[in-house]
Participant: 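Mind having a look at this structure? Questions to follow.
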Amino acid sequence: MTRRSGFTIVELLMTLTIVGLLSAIAVPKFRDFRRRATATQIMGDFDAMRHAALSFYVDSGYFPKEVGKGSLPQNLKSYLPMQYKMKKPQWELDYENWELKTQSKYTKTGIVIGVSFTTDDQALGQTAMKLIGNAPSYSVGKRYTFLISAF
């Protein structure tokens, strides 16, 4: 009687079952890891924009005017890293400048500055909102806004 070397069908099925179980755990974790990395990139872009807007305000005494979704205010270009882009494959940034029509004693300039981003990936938006922590922020639909300054 000659004995053949190889795997039995039971051994192959057990191996495939173990690989399947490991994949079922690893793939969702990998997606979450990627989503968190992308949200961190969004927060990095927000921080760069926040620093640029506040630095410009300190230097000039006013905030740049709003220029529209996906466009970079010309005044902020020199305050941002080279090759800074407002449009990325998964999200688009929007510099916000709201002038308040109020005579409140709590606002010096009557201006609220923020940065919004829009994305089709709701989970990405929610992850970025969690990363901002207790900073003032809000979301409406696919638009997520972080406030920079409210004077």
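For the numbers below, each heavy atom of this structure counts, side chains included, while hydrogens, waters and symmetry mates do not. Note that the structure is predicted; figures quoted are calculated from it, not measured.
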Participant: Within this structure, what is the NZ-CD distance for the pair K69 and E92, rounded to the nearest 0.5 Å?
Facilitator: 5.0 Å
Participant: How about F117 and F146: are their ring centres within less than 6.0 Å of each other?
Facilitator: yes
Participant: Between CD1 of I113 and CD of E66, what distance do you get to the nearest 0.5 Å?
Facilitator: 8.5 Å
Participant: Kindly determine whether Y84 and K77 satisfy side chain to side chain contact (heavy atoms under 4.5 Å, CB included), including the steps that lead there.
Facilitator: CA-CA 8 Å; Y84 186 87; K77 199 174 259 187; over 6 Å; no
Participant: Between E11 and M14, is there a side-chain heavy-atom distance shorter than 4.5 Å?
Facilitator: no
Participant: Can you name the residues that form a salt bridge (charged side-chain N to carboxylate O under 4.0 Å, His left out) with R143, not counting sequence neighbours?
Facilitator: D94, E96
Participant: Once the angle between the rings of Y62 and F56 is folded into 0 to 90°, is it parallel (under 30°), tilted (30 to 60°) or perpendicular (over 60°)?
Facilitator: perpendicular
Participant: So how far is it from M86 CE to L80 CG, rounded to the nearest 0.5 Å?
Facilitator: 8.5 Å
Participant: Testing the basics here: between A39 and T127, what is the closest heavy-atom pair and its distance to 0.1 Å?
Facilitator: CB-CG2, 3.7 Å
Participant: Are R35 and D32 ion-paired here, with the side-chain N under 4.0 Å from a carboxylate O?
Facilitator: yes
Participant: Compare all side-chain heavy atoms of I18 with those of L22 and state whether any distance is below 4.5 angstrom.
Facilitator: yes
Participant: If we only count heavy atoms from C-beta on, is the M129 to S137 side-chain gap below 4.5 Å?
Facilitator: yes
Participant: Shortest non-hydrogen contact from I148 to A53?
Facilitator: CD1-CB, 4.3 Å
Participant: Can you find a heavy atom in the side chain of V115 that is under 4.5 Å from one in the side chain of T145?
Facilitator: no
Participant: Is there a donor-acceptor pair closer than 3.5 Å between any side-chain N or O of Y79 and the backbone N or O of L54?
Facilitator: no
Participant: In terms of ring plane angle, is the pair F63 and Y57 parallel, tilted or perpendicular, where the classes change at 30° and 60°?
Facilitator: parallel
Participant: With sequence neighbours excluded, tell me which residues meet side chain to side chain contact (heavy atoms under 4.5 Å, CB included) with L13.
Facilitator: I9
Participant: Enumerate the salt bridge (charged side-chain N to carboxylate O under 4.0 Å, His left out) contacts for residues 37-49, please, sequence neighbours excluded, ordered by first and then second residue.
Facilitator: D45-K88, D47-R50
Participant: Under the side chain to side chain contact (heavy atoms under 4.5 Å, CB included) criterion, do Q41 and Q90 qualify, and how do the steps go?
Facilitator: CA-CA 11 Å; Q41 287 177 329; Q90 290 182 296; 5.7 Å; no
Participant: Mind checking the CG-OH spacing from L93 to Y144? Nearest 0.5 Å is all I need.
Facilitator: 14.0 Å
Participant: Start with the C-alpha distance between W98 and L147, add both sets of side-chain angles, then the distance that settles side chain to side chain contact (heavy atoms under 4.5 Å, CB included), and finish with yes or no.
Facilitator: CA-CA 11 Å; W98 298 285; L147 298 182; 3.8 Å; yes
Participant: Which atom names give the shortest non-hydrogen contact between P64 and Y95, and what distance separates them?
Facilitator: O-OH, 3.0 Å
Participant: Under a 4.5 Å cut-off applied to non-hydrogen side-chain atoms, are V67 and L72 in contact?
Facilitator: no
Participant: Is it possible for you to say whether V140 and V112 belong to one hydrophobic cluster, with membership spreading through side-chain heavy-atom contacts below 4.5 Å?
Facilitator: yes
Participant: A quick test of your reading: do over 12 heavy atoms of other residues, nucleotides or ligands sit less than 6.0 Å from CD of Q122?
Facilitator: no
Participant: Just verifying a value: how many Å separate T38 OG1 and M43 CE, rounded to the nearest 0.5 Å?
Facilitator: 13.5 Å
Participant: Find the distance between CG (N75) and CG (D59) and round it off to the nearest 0.5 Å.
Facilitator: 11.5 Å
